[in-house]
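Worksheet: the structure to be examined is printed underneath.
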2 protein chains.
Amino acid sequence: MSSCETCVVRNRAICAGLDNQEILALNALGRRRSVSAGEPLIWEDDDSLLVANVIEGVLKLTSSTEDGREQIVGVAYPSDFIGRPFGQTSKASVVALTDARVCVFSRNDFDRFARSHPELEHKLLERTLAELDRTRSWMMLLGRKTAPEKIATFLLEMSDRLAESGHTPITRGPATRFTLPFSRQQVADVLGLTIETVSRQFTKLKNEGVIDLPARRDVEILDRPALLALAG
Amino acid sequence: MSSCETCVVRNRAICAGLDNQEILALNALGRRRSVSAGEPLIWEDDDSLLVANVIEGVLKLTSSTEDGREQIVGVAYPSDFIGRPFGQTSKASVVALTDARVCVFSRNDFDRFARSHPELEHKLLERTLAELDRTRSWMMLLGRKTAPEKIATFLLEMSDRLAESGHTPITRGPATRFTLPFSRQQVADVLGLTIETVSRQFTKLKNEGVIDLPARRDVEILDRPALLALAG
DNA sequence: CGTACGATTGAAGTTAGTCAACGCAGGTGG
DNA sequence: CCACCTGCGTTGACTAACTTCAATCGTACG
């Protein structure tokens, strides 16, 4: 059986800061679960009976209109927390983008545990505040940036996030070459664009020598300053 | 001197749940401040040395590009919490939309107090999670909704929020008639549109008999079901 | 080798943005 | 008291950006 002691995100997730006894108690509440790419973990508007920590892989949080338009409202990487504790039903679906492993808890169990462990709640609060900051800067992008600016900002963010979570060779700083965990459609859903616009902007950047696209989902940043300038 | 005991948001803000002694301690750290309409409380990228509770009035949180495009990324109503505790600098400016009264704390003082009062941190966490939910549904609007849908959604949200915070006669449920705390430009900045588009959509709804516009900033919802249908 | 799916490219269409003129109400001063 | 000014909002004509629709490409996979 898998346990918290050997968990790779042990020191980065909200569990960091709990002592061994507390970890043991939390361990008893949760269980590991694998989610394959494309598989949902939580459905929009369902009673969201679970919360989870991401151990490995990348997942998308999406919100949809009745007529099927989709917006990706968040992306969860290893050590990120997923779900909506404390009595509210989450209004976003969670679907794995890559094969992923998560550590799931029933929301009730987690709520109870969290309320009696302030250190855990504090970690969760810090994480939620940081996520809110990121989400707000994404609002700026969605509301006010042009397609080229959106693409440039997106590539820079991916280069940062993927470096952090160790998807690339162990280097410090942003990754210059990485594999997107998104299809073109999903990039479009993150940026509030269509797949065609995304494709055209990618090709344009490639033709201008700012990036290279060695494979469908691979990106190499050739001219980071140019990207920064384009990002607005 | 003003004190927490007589505070109108005492039971709705994050201070709710603190006992009298704790309230007294918190009271000693904070001070009341008036902010007139248009006056800033926090500047984007400043070191954000303060956090605050809104007592009265409405404030906007904004994010701007270098070339001056602005996006309103949040709106704070009475009992809402403002600012970025725990060591990060806020990336949003806060400016009063109406004359407002807030209860401000130095961030350091607040951080220290919060860390030793789990009940307060819990309230703040619940509030932050709720705000994140709202922000995410706004991402959907910004990324995927059309101008008419944006306007309809906006009017419905205003009708809910303004009813809650008691800007309208004491009624239960959403307000049908209310005064917007926003200019046309600010509505545009919330929705990621231009002032002209906002104006045109407003007049269109008026001509269709869905709303009435008795004065510049006043709205009366005549046909709520129609608005709901338009909101997408 | 052929199929299927995602990605790209092209041409045409729409939506919202831009630029510019005008309207209206509130405030100010003659 | 009225004329004028000023700031915000509205309206119109035009434009640009992005979407839509449709065809084609390319690669992974059976």
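Numbers restart at 1 for each chain; the letters A, B, ... are given by sequence-line order, proteins then strands.
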field: Range on DNA chain C touched by chain B, heavy atoms, distance below 4.0 Å
entry: C/dA16 to C/dC24
- prompt: Are A/Arg177 and A/Asp218 close enough for a salt bridge, meaning some N to O gap below 4.0 Å?
  reply: no
message: Can you tell me which residue among B/Gln186, B/Arg217, B/Met158 is in a side chain to side chain contact (heavy atoms under 4.5 Å, CB included) with B/Pro181?
response: B/Met158
- prompt: Salt bridge or not for A/Glu131 and A/Arg136, using N-O below 4.0 Å?
  reply: no
Stepwise side-chain contact (heavy atoms from CB on, under 4.5 Å) check, A/Val51 with A/Val104: CA-CA 6 Å; A/Val51 299; A/Val104 298; over 6 Å; no
query: Ion pair present between A/Arg184 and A/Asp189, side-chain N to carboxylate O less than 4.0 angstrom?
result: no
query: Can you list every salt bridge (Lys or Arg N to Asp or Glu O under 4.0 Å) pair that touches residues 54-68 of chain B, not counting sequence neighbours?
result: B/Glu56-B/Arg101, B/Lys60-B/Glu70, B/Asp67-B/Arg69
Pairs: protein N or O with nucleotides 4-8 of chain D N or O, under 3.5 Å:
| from | atom 1 | to | atom 2 | distance (Å) |
| --- | --- | --- | --- | --- |
| D/dG7 | N2 | B/Arg216 | NH2 | 3.2 |
| D/dC8 | O4' | B/Arg216 | NH1 | 3.3 |
| D/dC8 | O2 | B/Arg216 | NH2 | 3.0 |

Side-chain donor-acceptor pairs under 3.5 Å in residues 197-215 of chain A, sequence neighbours left out?
| from | atom 1 | to | atom 2 | distance (Å) |
| --- | --- | --- | --- | --- |
| A/Thr197 | OG1 | A/Thr194 | OG1 | 3.0 |
| A/Thr203 | OG1 | A/Ser199 | O | 2.6 |
| A/Asn207 | ND2 | A/Thr203 | O | 3.4 |

field: Exam field: side chain B/Arg144 to backbone A/Leu193, donor-acceptor pair closer than 3.5 Å
entry: yes
task: Determine which pairs satisfy ring pair (Phe, Tyr, Trp, His ring centres under 6.0 Å) with at least one residue from residues 125-161 of chain A, sequence neighbours left out, and list them in order.
output: A/Phe154-A/Phe182
Pairs: protein N or O with nucleotides 15-22 of chain D N or O, under 3.5 Å:
| from | atom 1 | to | atom 2 | distance (Å) |
| --- | --- | --- | --- | --- |
| D/dC18 | OP1 | A/Ala147 | N | 2.8 |
| D/dT19 | OP2 | A/Thr194 | N | 3.3 |
| D/dT19 | OP2 | A/Thr194 | OG1 | 3.1 |
| D/dT19 | OP2 | A/Thr197 | OG1 | 2.4 |
| D/dT20 | O4 | A/Arg200 | NH2 | 2.8 |
| D/dC21 | N4 | A/Glu196 | OE2 | 3.0 |

Output field: ring centroids B/Phe81/B/Phe110 closer than 6.0 Å: yes
